[in-house]
*Asks:* 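Dumping the structure here so I can ask a few things about it.
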Number of protein chains: 2
Amino acid sequence: MPINSFENYPMSWRPDKNELTRPLYQSLAMRLEQDIAGGLLPPGTKLPPQRELADFLDVNFTTITRAYKICETKGLIYAITGSGTFVAPNAARSVTISKDSVDLDCIDLGFVASFEQSNRLVAQAVRNVTEKCDLESLLNYNHPTGLPHHKMAGLSWMSAFGIQAGTEQVAIASGALNALTITLMALFEPGNRIAVDAFTFTNFIEISKMFRIQLVPIPGDANGMLPEELDQQCRLLDIHGIFLMPSCSNPTTVMMPFARKQQLAAVIRKHQLILIEDDMHAFLTAGMMDDYRQPMYRLLPDRTIYICSTSKSICSGLRVAYMVYSDIYKERIETAIYNVNVKTSSLDAEIVAELILSGQASAIAEHKKQLARRANELYAAYFPHASGIGHPLSFYRWLPIASREPAARVEEAMREHGIRVYHSERFLSGAGVQDKFLRVALASANSMEELERGLSLLQKSLYA
Amino acid sequence: MPINSFENYPMSWRPDKNELTRPLYQSLAMRLEQDIAGGLLPPGTKLPPQRELADFLDVNFTTITRAYKICETKGLIYAITGSGTFVAPNAARSVTISKDSVDLDCIDLGFVASFEQSNRLVAQAVRNVTEKCDLESLLNYNHPTGLPHHKMAGLSWMSAFGIQAGTEQVAIASGALNALTITLMALFEPGNRIAVDAFTFTNFIEISKMFRIQLVPIPGDANGMLPEELDQQCRLLDIHGIFLMPSCSNPTTVMMPFARKQQLAAVIRKHQLILIEDDMHAFLTAGMMDDYRQPMYRLLPDRTIYICSTSKSICSGLRVAYMVYSDIYKERIETAIYNVNVKTSSLDAEIVAELILSGQASAIAEHKKQLARRANELYAAYFPHASGIGHPLSFYRWLPIASREPAARVEEAMREHGIRVYHSERFLSGAGVQDKFLRVALASANSMEELERGLSLLQKSLYA
DNA sequence: TCATTTGTGACTAAACATTTC
DNA sequence: AGAAATGTTTAGTCACAAATG
């Protein structure tokens with residue numbers, strides 16, 4: 001029997017000892033998982049300290065450590081030495097954001113598309129390609145990482161962003177998320193840690209969870225992640241990599257100034273991290289923003305996987321992203337590409353290459369930028385107090401909200417008003433953050449009129 | 001100090017205690033990895049028993065367990081209770097088979113392509129599609145699991161193999177390997193076990209390794225995996241899934257008779273395994289072989305992920321595979337599809353759909369079957385003693401060899417004769433098997449003449 | 001600043017399961 | 001059939017490190 005009685009002690013979770021079967025730690029972890037899934041332990045709940053629960057159940061406290069560990073690697077809970085163990089914000093549900101569950105009665109400001117109006121221009125280019133080129137050479141297994149001239153076209157596209165590399169350092173993947181999956185698969189192991197912004201790309205959170213890679217949230221300011229905080233966490237924990245979107249962070253719209261890139265690069269080099277630089281927004285930033293200068297790849301060419309998708313800038317339906325990397329990662333990346341994709345469709349890569357080389361890609365990107373400018377002007381008209389920060393041409397905005405209601409309830413209420421938006425909790429990489437936001441996609445409505453209707457509804461439902 | 005002195009004891013591996021740093025188990029695992037990679041411990045070497053090495057190093061024996069475990073999950077060694085721990089056959093190198101490292105001085109009988117001569121027929125279809133259809137609807141993010149009419153076309157194609165399902169149970173992935181990656185990611189966890197044939201699809205071994213999923217080799221006979229052996233292993237170990245290619249196993253060319261499918265299905269149901277049925281060769285078997293009847297999906301519709309790629313039957317460069325699954329897996333599969341691919345290019349899926357609905361796909365498949373028949377006849381002429389077993393139309397053959405040389409040396413010797421083939425060790429899912437083979441691809445040479453040259457060279461170099 | 005709270009990681013101990021002979 | 005060899009699994013001990021107040 002335990003020495004102390006806990007009957008009057010406020011423990012947030014009191015599993016019934018009699019219901020536990022051996023092995024204890026597994027049975028306990030399963031119980032915990034059920035109680036979290038069942039809503040008995042809502043996100044943010046502080047679990048009993050290991051020693052306290054051990055005392056209560058009359059077992060050794062490292063048995064609790066092990067049970068908690070199982071749930072932690074599943075992403076259900078997180079632990080902070082000195083503070084305790086807490087139920088994770090996204091424990092109860094998948095946060096994956098996708099386009100499938102489209103409710104047609106609803107204006108979609110949730111999923112970030114890419115002003116699909118531009119696809120008219122792409123359709124004609126597809127016809128041109130198929131009429132004139134040697135299709136047969138695109139229809140076989142050859143060149144799994146991309147045909148040389150497709151890589152050349154990609155390098156030409158990326159040269160505008162400051163990328164300089166040889167074709168043997170480039171490979172073609174099927175979009176940015178696919179490239180991220182490949183990168184995690186190739187270079188990381190279960191249990192590895194990757195530093196990320198406190199709010200980060202939801203689907204990156206999901207794939208990390210699937211690979212059992214732990215995300216370490218690093219605080220940031222208006223210029224992005226804070227180098228000192230990164231340095232500190234690296235000294236504290238064994239961190240293996242870092243994920244950044246310096247051109248325009250998703251979801252915060254933060255644009256990283258060159259000085260900050262340099263400071264972070266120094267810390268990354270010092271701790272020998274692998275940098276995953278997702279630069280799909282480079283086309284919105286390079287040549288537009290005074291302080292763009294160079295991608296971080298240029299500062300750390302030997303430790304960076306640079307990923308440049310054409311989904312946002314050129315066409316979302318042609319699944320093409322370029323990956324640029326140093327020789328030391330080459331073999332592992334290319335093996336992973338093969339194991340995940342075999343190859344990316346050369347037909348898609350050819351069309352994108354044709355668009356790039358003919359100059360149509362630039363025209364399309366320019367068109368999207370104009371649409372982005374108008375969409376952001378509309379947003380500023382409806383939310384003047386919330387504009388002026390972050391990237392001015394972002395395809396989405398990060399809107400502070402006052403509501404402290406649970407995230408699911410906020411989203412649900414918006415749905416009832418006829419719009420879909422996502423709450424900041426979906427983007428949390430770790431422990432909760434005080435401030436709450438909505439991510440408002442500007443690039444997904446079917447027209448500017450529909451976007452305006454959506455923004456108007458959003459404004460009314462927030463401030464009514 | 002250890003009680004016994006081992007100086008005169010024949011231990012295959014004697015790491016220097018003084019070179020170990022704490023944590024001991026990690027340092028020991030690293031040492032072991034280096035010594036395997038460095039060739040000091042060749043494949044098959046029996047490592048010292050845990051207790052013996054522990055005694056030698058004067059540490060607790062579970063410290064050795066942990067060190068060995070690290071190397072085991074990396075696929076470097078394998079352990080058999082009662083027998084000992086051994087260096088894995090493929091420890092020293094990656095076994096991934098891909099098309100990139102093509103040496104043009106060499107006739108490729110290694111990688112299995114799909115008689116790419118047929119792509120002339122596909123090229124024209126691509127032009128037809130892009131001329132007439134509404135391309136714009138194919139170029140956006142909509143319908144990540146596939147447009148409804150693409151799914152319908154897939155179901156129509158698969159109905160010839162006995163698949164009956166609704167569109168909500170189908171999704172489109174980017175080829176069979178991509179579908180397998182998605183399946184492992186969606187339904188399995190690190191540490192789970194999957195039953196496979198003793199010789200199995202190399203790239204499946206690789207992706208399992210990447211996901212830290214353990215493969216359990218099950219012995220088989222001329223009709224495929226043995227149900228009793230599967231049953232026994234399931235009783236012994238906690239096995240989560242099973243991977244089968246019943247229509248024509250890669251690499252063994254075994255075609256599973258319907259009775260065997262039924263017996264295996266009973267065992268699978270009894271132990272509640274998830275069946276991953278890779279049926280890319282169905283087009284070679286359904287309607288051709290008397291005993292095809294139905295895919296295993298029909299026997300176990302509630303526990304099967306049925307994967308049907310069009311790469312071998314229609315066109316390898318259009319990366320399309322259909323996945324069919326029950327409702328209980330739907331959400332997990334579709335989330336994983338999104339996280340790995342976002343979507344498969346609708347342009348590719350449209351072209352394949354058009355080929356299917358117009359009847360051209362059947363014509364192409366028929367053409368490939370004719371080429372396969374001729375290729376197999378050629379093979380039989382050069383290797384009469386080795387033909388007559390397995391699938392008569394297989395795109396590759398499984399040739400027994402007498403050589404007991406190391407696999408790498410055998411492959412190297414063939415390269416020097418101007419042909420690339422793969423040794424059976426690349427396909428080993430677990431411990432070694434006595435019999436040795438070469439996998440000889442018949443579908444990869446650029447013409448029948450080149451294939452004949454390759455087979456002739458192979459014959460000479462084997463029997464010279 | 002320092003003691004307390006709380007989590008982490010490495011190693012040990014012991015019971016257990018399978019294979020071999 | 002049973003003892004010995006060999007790997008597996010669970011849980012306990014202990015030193016340590018970070019956060020809190």
Side-chain angles (χ1 to χ4, degrees), chain A residues 9 11-13 17 20-30 46-73 77-86 191 193 214 216 219 229 232-239 430-431, chain B residues 9 11-13 17 20-30 46-73 77-88 191 193 214 216 232-239 430-431:
Chain A
Y9 198 88
M11 255 196 336
S12 62
W13 186 52
K17 173 151 199 194
L20 295 180
T21 57
R22 290 180 87 94
L24 291 172
Y25 75 105
Q26 285 182 6
S27 147
L28 196 60
M30 217 176 303
K46 181 178 191 301
L47 294 173
Q50 296 176 352
R51 286 169 178 79
E52 202 166 301
L53 185 57
D55 236 17
F56 173 72
L57 294 172
D58 199 17
V59 297
N60 184 282
F61 84 92
T62 58
T63 303
I64 311 294
T65 310
R66 265 187 288 273
Y68 279 9
K69 199 81 204 165
I70 290 175
C71 291
E72 191 178 4
T73 56
I77 62 177
Y78 61 94
I80 301 171
T81 302
S83 309
T85 307
F86 306 84
R193 294 191 185 86
Q214 227 176 302
V216 182
E229 298 277 351
Q232 201 199 337
Q233 285 298 312
C234 287
R235 273 185 279 114
L236 248 57
L237 297 166
D238 178 23
I239 296 184
Chain B
Y9 199 88
M11 253 193 342
S12 62
W13 187 50
K17 172 148 201 197
L20 296 180
T21 57
R22 289 178 86 93
L24 291 172
Y25 75 104
Q26 285 181 8
S27 147
L28 196 59
M30 215 175 305
K46 182 178 191 304
L47 294 172
Q50 296 177 351
R51 286 169 179 79
E52 201 165 300
L53 186 57
D55 236 17
F56 173 71
L57 294 172
D58 200 17
V59 296
N60 184 283
F61 81 93
T62 58
T63 303
I64 311 295
T65 310
R66 261 187 298 275
Y68 279 8
K69 199 82 202 164
I70 290 174
C71 291
E72 191 178 4
T73 58
I77 62 178
Y78 62 96
I80 301 171
T81 302
S83 310
T85 306
F86 305 84
V87 178
R193 294 191 186 87
Q214 227 177 300
V216 182
Q232 200 200 335
Q233 286 298 311
C234 286
R235 274 185 276 115
L236 249 57
L237 297 166
D238 179 22
I239 297 183

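Naming convention: chains lettered A, B, ... in sequence-line order (proteins, then strands); numbering from 1 in each chain.
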*Asks:* When every nucleotide of nucleotides 12-21 of chain C is labelled 5' to 3' by its protein contacts under 4.0 Å (heavy atoms), B for base, S for sugar-phosphate only, - for none, what sequence of letters results?
*Replies:* BBB--BBSS-

*Asks:* Determine the sole option in Glu229(A), Gln233(A), Gln232(A) for which the side chain to side chain contact (heavy atoms under 4.5 Å, CB included) test with Pro219(A) is passed.
*Replies:*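 Answer to the side chain to side chain contact (heavy atoms under 4.5 Å, CB included) test with Pro219(A) among Glu229(A), Gln233(A), Gln232(A): Glu229(A).
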
*Asks:* List in chain and number order the residues that pass side chain to side chain contact (heavy atoms under 4.5 Å, CB included) with Thr63(A), two or more places apart in sequence or in another chain; answer none if no residue qualifies.
*Replies:*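 Residues passing side chain to side chain contact (heavy atoms under 4.5 Å, CB included) with Thr63(A): Leu24(A), Tyr25(A), Val59(A), Asn60(A), Arg66(A).
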
*Asks:* How long is the line joining CD1 of Ile64(A) and P of dG7(C), in whole Å?
*Replies:*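 In whole Å, dG7(C) P lies 11 Å from Ile64(A) CD1.
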
*Asks:* Check the phosphate of dA10(C) against Tyr25(B), side-chain N and O only, distance under 4.0 Å to OP1 or OP2. Yes or no?
*Replies:*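 Looking at the OP1 and OP2 atoms of dA10(C), one of them is under 4.0 Å from a side-chain N or O of Tyr25(B).
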
*Asks:* Could I get the full list of ring pair (Phe, Tyr, Trp, His ring centres under 6.0 Å) partners for Phe86(A), not counting sequence neighbours?
*Replies:*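 For Phe86(A), the residues satisfying ring pair (Phe, Tyr, Trp, His ring centres under 6.0 Å) (neighbours in sequence not counted) are Tyr78(A).
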
*Asks:* To the closest 0.5 Å, what do you measure between CZ (Arg193(B)) and CD (Gln214(B))?
*Replies:*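 With rounding to 0.5 Å, CZ (Arg193(B)) is 5.0 Å from CD (Gln214(B)).
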
*Asks:* Between C1' on dT8(C) and CD1 on Ile239(A), what's the gap in Å once rounded to a whole number?
*Replies:*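 These atoms are roughly 15 Å apart.
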
*Asks:* In Å, rounded to the nearest 0.5 Å, how long is the span from CD of Gln50(B) to CZ of Phe61(B)?
*Replies:*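 Taking CD in Gln50(B) and CZ in Phe61(B), the distance rounds to 6.5 Å.
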
*Asks:* Residues in salt bridge (Lys or Arg N to Asp or Glu O under 4.0 Å) with Lys69(B), at least two apart?
*Replies:*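 Testing Lys69(B) for salt bridge (Lys or Arg N to Asp or Glu O under 4.0 Å), a comparison that skips the adjacent residues, returns Glu72(B).
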
*Asks:* Checking all strands, does Thr85(B) fall into the base, sugar-phosphate, or nothing category for heavy-atom contacts under 4.0 angstrom?
*Replies:*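 Answer is sugar-phosphate: Thr85(B) comes under 4.0 Å of backbone atoms only.
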
*Asks:* Does Lys46(A) have any salt bridge (Lys or Arg N to Asp or Glu O under 4.0 Å) partners at least two apart in sequence or in another chain, and if so, which?
*Replies:*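 Checked Lys46(A) against salt bridge (Lys or Arg N to Asp or Glu O under 4.0 Å); zero matches.
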
*Asks:* Using chain A heavy atoms and a threshold of under 4.0 Å, write down where along DNA chain D the contacts begin and end, 5' to 3'.
*Replies:*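 Here the contact window of chain A covers dT10(D) to dT20(D).
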
*Asks:* Name the one of Thr21(A), Ile70(A), Leu20(A) that satisfies side chain to side chain contact (heavy atoms under 4.5 Å, CB included) with Leu28(A)?
*Replies:*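 Only one option passes, and that is Leu20(A).
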
*Asks:* Nearest-Å distance, CG (Leu57(B)) to C1' (dA10(C))?
*Replies:*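 Interatomic distance, CG of Leu57(B) to C1' of dA10(C): 16 Å.
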
